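Written below as structure tokens is the structure these notes are about.
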Amino acid sequence: MTVRPADPLEDVLTLVGTTSRLSTGLVAGGRWALAFDPPQGVKFNAVRRGHCLLTVDGVPGPIELREGDCFLLVQPRAFTLAGGPDVAPVPAAPVFKAAGSDLARAGDGDDVELMGGRFDFGERARELLFDVLPPVIHVPGRTAQATTVRWALELIAAELRDPQPAAALVTEHLALVMLIHLLRLHLAATPGGTSGWLAGLADPVVAPALRAMHARPAHAWTVSELAGVSAVSRSTLAARFKRVVGRGPLEYLTGWRIELAAGRLRHGGATMESIAREVGYASVSALSNAFKRVTGLAPRDYRRAAGVAGRFADGEPVGGG
């Protein structure tokens with residue numbers, strides 16, 4: 001039986017509960033500009049036709065968007081989309097509210113068409129994912145590597161034009177496919193444009209060690225053993241891992257184990273004993289001590305803050321009556 005290699009990006013996207021939501025499309029032409037408030041979640045837009053300018057608060061710009069281009073606004077910053085420079089923007093919210101379920105329209109004409117939406121994440125997404133990405137990711141569409149993104153966009157557009165049974169579910173999954181490919185393209189094109197564990201995925205020495213820890217988080221890894229996985233010396237891995245990821249390999253392992261435990265606590269249904277065993281701690285007390293050291297909260301208090309009802313004694317369900 002072939003064992004599928006661990007995928008840290010998949011692990012994190014699954015842990016933070018990634019979902020997607022499409023928004024009303026935009027058709028514009030002539031002299032136009034729309035000012036958007038800082039969005040919730042991660043905003044994305046794709047240019048299906050024409051071109052426009054993107055300006056994001058705090059980001060040098062503007063960024064020119066051409067047909068097929070996409071962007072992810074990773075941080076909640078105000079931004080402007082415009083047909084050209086030196087156009088006074090109007091608030092976007094009333095324009096989209098007036099459109100209802102139809103296409104929103106700006107300016108005079110239809111030489112520009114954009115499709116957009118947002119990705120929503122769970123409470124840990126900011127530290128696990130957003131903080132290791134730049135505020136905005138621009139992915140040009142006219143590259144061979146963006147083929148899958150264009151494919152997903154065309155299928156989403158087709159589903160929106162002619163909704164079939166389960167169209168909402170199809171478009172949500174296609175949007176997630178697009179997100180994953182956008183992140184992959186960003187990693188491949190700008191390996192220095194990320195930090196933390198995500199930067200480690202693009203590093204040939206660090207990546208094998210990361211994948212090994214994600215594949216077997218409960219294993220009692222040593223730096224020497226991880227160095228063997230990466231085919232380098234112990235000192236080389238320790239120094240390279242800390243430089244790229246920002247902390248040592250065993251410190252990273254502890255953090256990932258606590259993230260996994262926190263995820264189980266948020267969703268309930270497991271005992272502390274089983275959670276400790278799953279994430280590599282020999283006892284409930286050992287997990288509790290590590291959990292409080294990393295998060296500042298005891299597991300019981302973390303569970304309560306997350307709003308999970310249920311008992312929490314050793315051997316009893318974390319969730320449930």
Side-chain angles (χ1 to χ4, degrees), residues 1-18 121-133 180 183-184 186-188 191-192 194-267 270 272-295 299 302:
M1 181 179 66
T2 302
V3 178
R4 186 172 66 90
D7 185 340
L9 179 59
E10 180 180 319
D11 290 345
V12 171
L13 289 175
T14 301
L15 187 66
V16 299
T18 314
F121 301 86
E123 62 182 58
R124 293 294 296 151
R126 172 61 53 197
E127 183 173 338
L128 280 176
L129 186 60
F130 302 159
D131 286 351
V132 299
L133 290 169
I180 292 167
L183 292 174
R184 286 177 178 175
H186 171 69
L187 281 173
T194 57
S195 60
W197 66 270
L198 200 55
L201 292 183
D203 186 277
V205 172
V206 173
L210 271 174
R211 288 193 294 267
M213 288 186 281
H214 278 255
R216 301 171 63 196
H219 180 69
W221 291 104
T222 64
V223 177
S224 294
E225 192 175 6
L226 289 168
V229 171
S230 294
V232 295
S233 70
R234 182 184 185 280
S235 58
T236 296
L237 176 66
R240 182 82 159 253
F241 202 104
K242 188 171 181 61
R243 177 173 60 82
V244 174
V245 178
R247 48 182 167 169
L250 298 187
E251 185 183 358
Y252 176 87
L253 176 61
T254 296
W256 180 242
R257 286 172 168 176
I258 297 306
E259 290 294 346
L260 292 174
R264 295 299 304 274
L265 292 173
R266 289 194 298 272
H267 294 96
M272 275 296 291
E273 185 178 35
S274 66
I275 294 174
R277 186 169 55 250
E278 288 173 18
V279 301
Y281 287 92
S283 67
V284 170
S285 62
L287 171 60
S288 297
N289 290 336
F291 196 96
K292 187 169 184 177
R293 185 174 67 251
V294 172
T295 67
Y302 181 90

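Values in this document were obtained by computation on a predicted structure and should not be read as measured data.
- The two residues I275 and A270 come nearest to each other via the heavy atoms CG1-CB, 3.9 Å.
- A cation-pi arrangement is present between R257 and Y281 under the rule of less than 6.0 angstrom and at most 45 degrees off the ring axis.
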Problem set entry | Step-by-step side chain to side chain contact (heavy atoms under 4.5 Å, CB included) determination, R293 to T254 | CA-CA 10 Å; R293 185 174 67 251; T254 296; 4.3 Å; yes
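- Counting all heavy atoms, side chain and backbone alike, P217 lies closest to L253 at O-CD1, 3.9 Å.
- The shortest non-hydrogen separation linking V245 to W197 is CG1-N, 3.9 Å.
- Counting only residues at least two apart or on different chains, the salt bridge (charged side-chain N to carboxylate O under 4.0 Å, His left out) pairs with a member in residues 217-243 are D203-R240.
- With contacts defined as side-chain heavy-atom distances shorter than 4.5 Å, the pair L287/I258 qualifies.
- The shortest side-chain heavy-atom distance between V12 and P8 does not fall under the 4.5 Å cut-off.
- With hydrogens and angles left out, the side-chain atoms of T222 and S224 include no donor and acceptor closer than 3.5 Å.
- Looking only at distances, a side-chain donor or acceptor of T14 sits under 3.5 Å from a matching main-chain atom of E10.
- Results of the side chain to side chain contact (heavy atoms under 4.5 Å, CB included) test with F241 over T236, V205, L210 single out L210 as the only residue that passes.
- At a threshold of 4.5 Å between non-hydrogen side-chain atoms, the residues L201 and L198 count as touching.
- The nearest pair of heavy atoms linking L226 to P249 is CD1-CB, 4.0 Å.
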For this session: Evaluate side chain to side chain contact (heavy atoms under 4.5 Å, CB included) for Y302 paired with R266, printing each intermediate quantity in order.
Result: CA-CA 8 Å; Y302 181 90; R266 289 194 298 272; 2.7 Å; yes
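- Rounded to the nearest 0.5 angstrom, R277 CZ and S283 OG are separated by 12.0 Å.
- Taking both residues in full, the closest heavy atoms of R247 and G255 are given as NH1-CA, 4.1 Å, listed atom of the first, atom of the second, then distance.
- Nearest approach of A209 to L237, heavy atoms of both residues: CB-CD1, 4.2 Å.
- Interatomic distance, R264 CZ to S274 OG, rounded to the nearest 0.5 Å: 5.5 Å.
- The aromatic rings of H214 and Y252 are tilted relative to each other, their planes meeting at an angle between 30° and 60°.
- The main-chain N or O of R216 is found under 3.5 Å from a side-chain atom of W221 such that the two form a donor-acceptor pair.
- Judged purely by atom type and a 3.5 angstrom limit, S230 has no side-chain atom pairing as donor or acceptor with the backbone of P208.
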